[in-house]
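Input: a single structure, listed below in structure tokens.
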There are 2 protein chains.
Amino acid sequence: MLSQESHLARNIDRHVTLSGGDASLLAELDAHPRRVPRGSELWQTQRPSDHLYTLCRGWACSYHRSANGSQQILDLFVPGDIMGLRDLTYHDHTSTAVMLTTGQVSAYPVERVSELMRCSRRLDWALQASAARQERLITQRLINVLSHDAVSRIAHLMLEVQHRLQRVDAASGDQFYLPLLQRQIGMLLGMSSVHVSRTLIELSRRGLLERSRRRIHLLDVEALARIADFTTFPYEAGLNPELLPEDGMQR
Amino acid sequence: MLSQESHLARNIDRHVTLSGGDASLLAELDAHPRRVPRGSELWQTQRPSDHLYTLCRGWACSYHRSANGSQQILDLFVPGDIMGLRDLTYHDHTSTAVMLTTGQVSAYPVERVSELMRCSRRLDWALQASAARQERLITQRLINVLSHDAVSRIAHLMLEVQHRLQRVDAASGDQFYLPLLQRQIGMLLGMSSVHVSRTLIELSRRGLLERSRRRIHLLDVEALARIADFTTFPYEAGLNPELLPEDGMQR
DNA sequence: CGTAGATTTGAAGCTCCTCAACATAAGTGG
DNA sequence: CCACTTATGTTGAGGAGCTTCAAATCTACG
């Protein structure tokens, strides 16, 4: 497990240093991934949230469907992400999750999550930290949507994605694969797919990014960061040492 | 403490039934509130998040300041709310919090919060539930902002506020006091204060709400809920029984 | 009572949306 | 492998919604 480190482990590692025992408990979480095809749903609104998922390969997202039929994407999941944390605290899901590409997912029943958290305080803490990080992502997107126009919103999204992919070594420098349709980018940022298209072209025209097929190449990260006000990376920040359980302490 | 129940206790009660011991531990959290004038800051960006706060009286909010000087309000706090939970997981704050009215706040050092959580699993759980509820609020606002126009956004905000105030018995029916300036409503919903003004007038014209001074009177909650797609109240939903610690269990 | 702050109103302009047609890419079965 | 089909992206035109600026009220408060 240490030799061939999973994306999940690499993700958690950024938050909390785990003991060997914790690491092997954690390894359980994505020990038995199964292949899930593009478009298949991981969970659905109003169904009980009885599993925690880890995404080993591929992309997924969670979304909300309004009464009028419009949809808004809430979370974007990349390899190494834990999925379903937001809803786990509650009895029912309030979102639906779907695979954006074919990928590998492992599902973990909530009872065993509960057990896991009882066994290891540090692992409990790691899950909380992961949840907190996802909340910061959402908060950042709210800030982005509240304050920026179309060009800045898209610039911000691209930088966020690059940053998250680099974290699990899934982006090669300034280039990465982005399986999102323009309609889906619109659902993330609250704009029409037509305007997403125009804005992407505008960004190309300005020499800020290039795209061929689904590959994105950020040509001028500096300028993009300026436009998008992407100076801080709050979800990468240090955890509160006061709340961190001592090393090796078990419940 | 049981006879004269605090707003905080009433808030937590909705999530978790606490034992007598837990309740008195909880009572500590807002035992010694101090008076804080309107406009005073509770915490600031990039400062260590070393306290948890409870709002006993008055209104507050947290906001983000962009590089270009624009501001976005992230959380709106009403009496009974716990403040600073979002940032507590991390070492530093990423938002600034300020009193919207003069009020009463009690601050609780993070070391003692940590102690509290170690002492009582149910209280730990209650705090997590409270954090999860605040995350759902933010997520709902993101959905609101992503999908709705000005009229719906404001309708949604009014319903959210009414709902949260009713929860702590601070709203009398369809009427409540709303200390937000129109500029601040704009900062919450991503619109200019001029347009907030026009939209509020439009809502009055349609007979959906009335306002005199800072008092809001919702005239047609049904219609507002339809406009705002405010059918579900996800932050009021039931907690996951699988994760709920058994009664009386201590660490 | 006067002043600073908040709200309202008007006008002009810009961003973004909608609708629709077209172009290109991706997927499918012969 | 190609024609067919379907999905996705691009382009244009017109219009709705919102912003900005500025001036005119209104309100709060020392």
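Order of the sequence lines sets the chain letters (A, B, ...), proteins ahead of strands, with each chain counted from 1.
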*Can you sort out which residues in residues 183-191 of chain A have a heavy atom within less than 4.0 Å of DNA chain C? Ascending by number, please.*
A:G190, A:M191

*Please tell me which of A:T199 and A:R214 maps to the more 5' nucleotide of DNA chain C, matching each residue to the nucleotide holding its nearest heavy atom.*
A:T199

_For atom NE2 of B:H195 and atom C1' of D:dA16, their distance in whole Å_ = 10 Å

*asked:* Looking only at the side chain of A:L181 (C-beta and beyond, no hydrogens), which of the listed nucleotides D:dG12, D:dG9, C:dT7 gets closest?
replied: D:dG9

*Residues A:E160, A:R164: salt bridge by 4.0 Å N-O rule*: yes

*Tell me: CD1 of A:I216 to P of D:dG9, nearest whole Å?*
11 Å

_A side-chain contact here means heavy atoms from C-beta on lying under 4.5 Å apart; do B:Q184 and B:L181 qualify?_
yes

*Separation of A:L180 atom CG from D:dA7 atom C1', in whole Å?*
16 Å

*Would you indicate what B:R211 reaches in the nucleic acid, counting non-hydrogen atoms under 4.0 angstrom: base, sugar-phosphate, or nothing?*
sugar-phosphate

*Indicate yes or no: does A:R47 engage A:D92 in a salt bridge with an N to O separation below 4.0 Å.*
no

*Using whole Å, report how far CG of B:L100 lies from P of C:dA6.*
12 Å

*Between B:Y53 and B:W43, is the ring centre distance below 6.0 Å?*
yes

*Provide, to the nearest angstrom, the distance between the CD atom belonging to A:E202 and the C1' atom belonging to D:dT11.*
15 Å

*Identify which nucleotide among D:dT11, D:dT20, C:dC16 has an atom closest to any side-chain atom of A:D149, counting heavy atoms from C-beta outward.*
C:dC16

*Six-ring centre of B:Y90, A:R136 cation under 6.0 angstrom, axis tolerance 45°*: yes

*D:dG17 C1' sits how many Å from B:H148 NE2, rounded?*
16 Å

*For B:R153 and B:V145, indicate whether the former's side chain and the latter's backbone hold a donor-acceptor pair under 3.5 Å.*
yes

*asked:* From C-beta outward on A:R198, which listed nucleotide comes closest to its side chain: C:dA26, D:dT11, D:dT20?
replied: D:dT11

*Taking CZ from A:R205 and C1' from D:dT10, how many angstroms apart are they, rounded to a whole number?*
16 Å

*Does the salt bridge (Lys or Arg N to Asp or Glu O under 4.0 Å) test come out yes or no for B:D220 and B:R206, once each step is laid out?*
CA-CA 10 Å; B:D220 192 342; B:R206 291 202 211 168; over 6 Å; no

*With a non-hydrogen cut-off below 4.0 angstrom, is A:V196 in contact with a base, only sugar-phosphate, or nothing?*
nothing

_Using the side-chain heavy atoms of A:Q182, tell me which of these nucleotides is nearest: C:dG10, C:dA26, D:dT10._
D:dT10

*Atom CZ of B:R213 and atom C1' of D:dC29: how far apart are they, to the nearest Å?*
12 Å

_For a quick test of reading the model: is some side-chain N or O of B:S197 closer than 4.0 Å to OP1 or OP2 of C:dT7?_
no

*Taking for each residue the nucleotide of DNA chain D with the nearest heavy atom, is it A:L200 or B:S192 whose nucleotide lies nearer the 5' end?*
A:L200

